[in-house]
Amino acid sequence: MRVPLEPARGTRDILPPLSEYYQQITTKFSEVAELYGYRLAIIPTIEHFEIYEAKSGPGISKSMYVFQDKAGRTICLRPEFTASLVRAYLKHLTAWPKPVKLYYYGQVFRYEEPQLGRYREFYQVGAEYIGEPRAFADIELFQLIRDFYRTVGLSGYAFRVNDISIARGLLSRWGVPEEVQDDVLHMVDKGETGRALEVVRGYAGPEASLLESLLEVRAESPSELRAEVERLGLPQELLSTGVSRLLEIFEALLSLGLRAYVDFRLVRGLAYYTGTIFEVSVPGFNLSIGGGGRYDTLSRILGGAEVPAVGFSLGVERTLIALESEKVLESLAKPRPRTMLISLVRDLAFVDRVATRMRERGVVVDVRYSQKRRLSDLVGQASRAGYDYVAIVGEAELGEGKVTVKCLKTGTQRTVDADALGDPGALC
RNA sequence: GCUCCGGUAGCUCAGCGUGGCAGAGCGCGGGGCUGUGGACCCCGAGGUCCCGGGUUCAAGUCCCGGCCGGAGCCCCA
């Protein structure tokens, strides 16, 4: 049997140096999330399809990996983290003191046509803030995202923000059933506002123009947003709930030093969101690099007690694309100093002693035994391959318990006692 | 699931129109050079030309199907 060497469609082998950038993203995200008091959740890659069916309807299966296992269960590869985390919360964590703050990283799977920044297997990092209905939870997530981006060096991003409860509130007032609301919002998301409004007119009559005006609002500042909603004459109940929360969050974003604008056309698909929703965008890349929102009813959809929650996820591949376009990708993974230790003698114990002393100082040591190849080949190779130092152990050094260390950047070279050897950089 | 473009050495690609010996640069290995640098010179290895089928005396080249990638639909939790 001949095996195909290409990875399966939409998947990739992630190898150095790309793999190191992935590792930096997850490591740095973990550090920032933990500094905010989030704790790591590791959840299964496979799930019962039912939890996604419950959340999004059976039609979701066409964009997922779904299959029967050997016992006939309907299993899927997770297409996201949030539903699984809420499932795990309902199973294990409902008795924990609120809020429950969790973060995660890992791969997710979607059966779609691959393109740049869109893969069938891709990686996300994210966090969920469970058990807090007030806006400061939403705001903390923005702070966390800001600190993460600062840590990895991303700067040119902006938040597109909405509160989906405002449009849904209008639709509910007009008696539009939830399933129809989903359809209408889906059309808005696709840019088919004309068709969406036609459907709404069937319920609301001429009042539907209020939704039309709302969808045209794009506010760059809280005062602009305040003026716009005042002009529209939204119902008081929406002003005191969704609109006031959106204003609070908008003001918070700006005072945190973040770029943000409110866009009522933002819907974020057929999701379970009930309040704040947002996406992160960068110039010159038409896919969002992350997004999230408030989902106060998801736990009930999954059959548990209702618990307010808000969360986000960031796409690792898309973050890397953004870093690349800002020309800061290479600075993400700072390489450790690397030494090529060339041994011209067969004395494992001595070579091990020398290598161990350097490794204890965090220096990468790559041991080569020179046999047929001449020393000049290996020194040249070390230089071409980007090593920082060459350490040479030959007959002369071995006899005196010494090692010769050469700094390839400066060309300086010293022979020192093997046991006194520390960071070779100190010798340059 | 649909449309268009592409796939030739490890990498970047030429060759394909008009069928006729598988190529270049870089990289890799060896030597020039017995324990010290990226240059230079010489030599070398490395290919089922994405896979399968068809047309033909002859296919990397033309035709059909598939696989993988890119661009765009659909979708994007």
Side-chain angles (χ1 to χ4, degrees), chain A residues 1-13 15 47 51-57 59-64 76-86 108-120 122 124 126 128 164 182 185-187 189-192 266-273 277 279 286-293 295 298 301 311-313 315 317-318 340 342-345 368 370-398 403-415:
Chain A
M1 187 173 72
R2 185 155 55 220
V3 301
L5 295 182
E6 291 94 7
R9 187 165 170 81
T11 67
R12 312 195 287 171
D13 299 313
L15 303 170
E47 285 280 357
I51 77 171
Y52 295 100
E53 200 174 24
K55 183 180 71 102
S56 309
I60 196 70
S61 69
K62 75 172 174 41
S63 56
M64 290 176 57
C76 66
L77 301 179
R78 62 184 178 206
E80 57 146 11
F81 279 86
T82 302
S84 293
L85 275 156
V86 171
V108 293
F109 302 84
R110 295 183 192 172
Y111 199 91
E112 294 177 318
E113 288 309 298
Q115 278 172 41
L116 183 68
R118 275 186 78 165
Y119 304 96
R120 289 184 175 181
F122 59 100
Q124 290 187 331
E128 311 291 341
I164 200 63
D182 290 346
L185 292 172
H186 188 212
M187 291 177 213
D189 195 31
K190 288 203 291 187
E192 298 172 351
L266 176 64
V267 170
R268 280 185 68 68
L270 275 178
Y272 35 72
Y273 292 113
I277 54 176
E279 290 187 344
N286 63 355
L287 298 169
S288 70
I289 63 170
Y295 51 92
L298 179 57
I301 294 170
F312 70 86
S313 66
E317 289 78 3
R318 294 178 181 187
M340 181 184 283
I342 302 171
S343 176
L344 304 171
V345 295
R368 305 295 178 91
S370 177
Q371 295 178 322
K372 291 166 26 178
R373 303 176 63 187
R374 297 190 339 272
L375 183 58
S376 64
D377 291 331
L378 286 170
V379 174
Q381 186 185 342
S383 176
R384 281 196 303 280
Y387 284 79
D388 299 281
Y389 314 107
V390 167
I392 299 165
V393 175
E395 294 293 346
E397 288 86 356
L398 179 63
V403 57
T404 298
V405 176
K406 183 183 184 71
C407 177
L408 292 170
K409 300 275 188 314
T410 62
T412 57
Q413 169 173 328
R414 290 177 60 183
T415 300

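Values below: all heavy atoms of this structure, side chains included; hydrogens, waters and symmetry mates excluded. Order of the sequence lines sets the chain letters (A, B, ...), proteins ahead of strands, with each chain counted from 1.
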Measure the distance from CZ on A/R368 to P on B/U36 and round it to the nearest whole Å. 19 Å
Do A/E397 and B/G35 have a side chain to base donor-acceptor pair shorter than 3.5 Å? yes
Residues at least two apart in sequence or cross-chain that pass side-chain contact (heavy atoms from CB on, under 4.5 Å) with A/E47, listed by chain then number, are A/P44, A/I51, A/Y52, A/C76, A/S84, A/R87
If each of A/G380 and A/A8 is mapped to the nucleotide of RNA chain B with the nearest heavy atom, which maps nearer the 5' terminus, i.e. the 5' end? A/G380
Minimum-distance nucleotide to A/H186 side chain [options: B/A77, B/C76, B/G38]: B/C76
Answer with base, sugar-phosphate or nothing: what part of the nucleic acid does A/T404 contact at a heavy-atom distance below 4.0 Å? base
If we take the P atom in both B/G15 and B/G30, what is their distance in whole Å? 34 Å
Side chains of A/E192 and A/H186 in contact at under 4.5 Å (non-hydrogen atoms): no
Heavy atoms only, 4.0 Å cut-off, all strands: where does A/M64 land among base, sugar-phosphate and nothing? base
Measuring only the P atom in each nucleotide, how far is B/G17 from B/C62? A whole number of Å is fine. 6 Å
Report the nucleotide, chosen from B/A77, B/G70, B/U36, that has the shortest atom-to-atom distance to any side-chain atom of A/K406. B/U36
Can you tell me which nucleotide in B/G70, B/G38, B/U36 comes closest to the side chain of A/R384? B/G38
Base-pairing assignment for B/U18 (Watson-Crick or G-U wobble, both under 3.5 Å): none
At under 4.0 Å between heavy atoms, what does A/E112 touch on the DNA or RNA strands: base, sugar-phosphate, or nothing? base
Under 3.5 Å on both distances, the Watson-Crick or G-U partner of B/U56: none
How is A/G394 classified with respect to the nucleic acid when contacts are heavy atoms under 4.0 Å: base, sugar-phosphate, or nothing? base
For a quick check of understanding: with a heavy-atom distance under 4.0 Å over all strands, which category does A/G10 fall into, base, sugar-phosphate or nothing? sugar-phosphate
Would you measure the distance from the C1' atom in B/U34 across to the matching atom in B/G25 and give it in whole Å? 34 Å
Residues in side-chain contact (heavy atoms from CB on, under 4.5 Å) with A/T11, at least two apart? A/P7, A/A8, A/E121
Just the atom pairs and distances: protein N or O near nucleotides 71-74 of chain B's N or O, under 3.5 Å.
unit_1 : atom_1 : unit_2 : atom_2 : d
B/A71  : OP2    : A/L116 : N      : 2.7
B/G72  : N7     : A/Q115 : NE2    : 2.9
B/C74  : N4     : A/R118 : NH1    : 3.2

Mind listing the closest non-hydrogen atom pair of A/E128 and A/L85 along with its distance? CG-CD1, 3.7 Å
Can any side-chain N or O of A/R318 pair as donor or acceptor with the backbone N or O of A/G117 at less than 3.5 Å? yes
When the P atoms of B/U61 and B/U8 are considered, how many whole Å apart are they? 13 Å
Length of the line joining A/I342:CD1 and B/U34:P, which is rounded to integer Å: 16 Å
CG of A/L375 versus P of B/G31: gap in Å, rounded? 13 Å
Would you indicate, yes or no, if B/G69 has its OP1 or OP2 atom less than 4.0 angstrom from a side-chain nitrogen or oxygen of A/R9? yes
Check this for me: A/R414, atom CZ, are more than 12 non-hydrogen atoms of other residues, nucleotides or ligands nearer than 6.0 Å? no
B/G47 and B/C21, which share atom name C1', separated by this distance in whole Å: 15 Å
Would you please name every residue forming a salt bridge (Lys or Arg N to Asp or Glu O under 4.0 Å) with A/E112, sequence neighbours left out? A/R118
Whole-Å distance separating the CD atom of A/Q381 from the P atom of B/G35: 16 Å
Assign A/A382 to base, sugar-phosphate, or nothing according to its heavy-atom contacts below 4.0 angstrom with the strands shown. nothing
Sorted by chain and residue number, the salt bridge (Lys or Arg N to Asp or Glu O under 4.0 Å) partners of A/R120 (sequence neighbours excluded) come out as A/E113
Tell me the interatomic distance from A/Q413, atom CD, to B/U36, atom P, rounded to whole angstroms. 10 Å
Take the protein atom CG of A/D182 and the nucleotide atom P of B/C76, then report the distance between them rounded to whole Å. 12 Å
Residues A/L378 and A/M340: closest non-hydrogen pair is O-SD, 3.6 Å
To the nearest Å, how far apart are A/Y52 OH and B/C76 P? 16 Å
Have a look at A/G291 and say if it touches a base, only the backbone sugar-phosphate, or nothing, with a 4.0 Å heavy-atom cut-off. nothing
Mate of B/C28 where both pairing distances stay under 3.5 Å, Watson-Crick or G-U: B/G44
Distance between the C1' atoms of B/G65 and B/A22, in whole angstroms? 26 Å
Taking B/U3 as the reference, what is the distance to B/A39 when you measure between their P atoms (whole Å, please)? 50 Å
Taking OH from A/Y111 and C1' from B/C2, how many angstroms apart are they, rounded to a whole number? 14 Å
Across every strand shown, the nucleotide meeting Watson-Crick or G-U wobble geometry with B/G23 (both distances under 3.5 Å) is B/C13
Partners meeting side chain to side chain donor-acceptor pair (under 3.5 Å) with A/R12 (sequence neighbours left out): A/Y22, A/Y119
Paired nucleotide for B/C4 [Watson-Crick or G-U wobble; both distances under 3.5 Å]: B/G70
Between B/C2 and B/C74, how many Å separate the two C1' atoms, rounded to a whole number? 8 Å
